[in-house]
Amino acid sequence: MIVRTLEECRNSERRVASETWESVRMLLKDDQMGFSFHITTIFKGTETHIHYKNHLESVYCMSGEGEIEVVDGETYPIKPGTLYILDKHDEHFLRAYEGADMVMACVFNPPITGQEVHDENGVYPLVD
């Protein structure tokens, strides 16, 4: 059994941040669950470019509002209660509107292995 608090993880090496986002990695590959789970915040009024290869990502917005723009594709609004799922090669931009930070729960398969390192060998432990 694994029991962790968000604050415990935020005050450890499991917290990763840049100028536009913060991600607290509650579960990583070493936890041996077959996926990783993060609480990610996109800071209000910012845009973040994201492009991971060979993974599935499910994201649920818990607070704040913004949008996701798939490169060379469509733009979709995000608000609390919105779920979006990215399949393998979805290069995208996440934008949080000015009103508040956008806080999301994220599940990655295959799991993230470290600070900003993904296991991108195309193996999906929960799918295969």
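Shortest non-hydrogen contact noted between S36 and L28 is CB-CA, 4.2 Å. Looking at every heavy atom in both residues, M102 comes nearest to R95 through CE-O, 3.6 Å. Of all heavy-atom pairs spanning G34 and N109, the tightest one is O-OD1, 3.3 Å. Counting all heavy atoms, side chain and backbone alike, G45 lies closest to E98 at CA-OE2, 3.4 Å. Looking at every heavy atom in both residues, T20 comes nearest to T46 through O-OG1, 3.4 Å. The heavy-atom pair separating C61 from K79 by the smallest distance is CB-O, 3.4 Å.
Inspection of the S23 and R25 side chains reveals an N or O donor paired with an N or O acceptor under 3.5 Å. One side chain, Y97 or E67, offers a donor N or O that lies under 3.5 Å from an acceptor on the other.
Counting heavy atoms from C-beta on, the side chains of F35 and L56 never come closer than 4.5 Å. Within the 4.5 Å cutoff, the side chain of E22 has no heavy atoms near those of the T40 side chain. Between T75 and I68, the closest side-chain pair of non-hydrogen atoms is not below 4.5 Å.
Atom OG1 in T48 sits 6.5 Å away from atom CG in L94 (nearest 0.5 Å). The distance from atom OG1 of T5 to atom CG of N11, rounded to the nearest 0.5 Å, is 8.0 Å. Put simply, CZ on R4 and CZ on R10 are 15.0 Å apart, with the number rounded to the nearest 0.5 Å. I78 CD1 to I42 CD1: the interatomic distance, rounded to the nearest 0.5 Å, is 8.5 Å.
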**Worked check of side-chain contact (heavy atoms from CB on, under 4.5 Å) between V16 and H38** = CA-CA 10 Å; V16 181; H38 317 170; over 6 Å; no

Take I2 and L27, measure what side-chain contact (heavy atoms from CB on, under 4.5 Å) needs, and give me the verdict at the end. CA-CA 9 Å; I2 298 172; L27 288 174; 3.8 Å; yes

Report task. Could you please spell out the steps behind the salt bridge (charged side-chain N to carboxylate O under 4.0 Å, His left out) verdict for R14 and E8? Result -> CA-CA 9 Å; R14 289 177 175 267; E8 172 188 336; over 6 Å; no

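Between H49 and the options E69, H92, E91, a side chain to side chain donor-acceptor pair (under 3.5 Å) holds for only E91.
With hydrogens and angles ignored, the 3.5 Å screen pairs no side-chain donor or acceptor of D101 with any backbone N or O of T41.
No path of Ile, Leu, Val, Met, Phe, Trp and Tyr side chains, each step under 4.5 Å between heavy atoms, connects M104 with F43, placing them in separate hydrophobic clusters. Under the 4.5 Å side-chain heavy-atom criterion for Ile, Leu, Val, Met, Phe, Trp and Tyr, V107 and M33 are members of the same hydrophobic cluster. Under the 4.5 Å side-chain contact rule for hydrophobic residues, F93 and Y84 do not share a cluster. V71 and L86 end up in different hydrophobic clusters when Ile, Leu, Val, Met, Phe, Trp and Tyr side chains are linked at under 4.5 Å.
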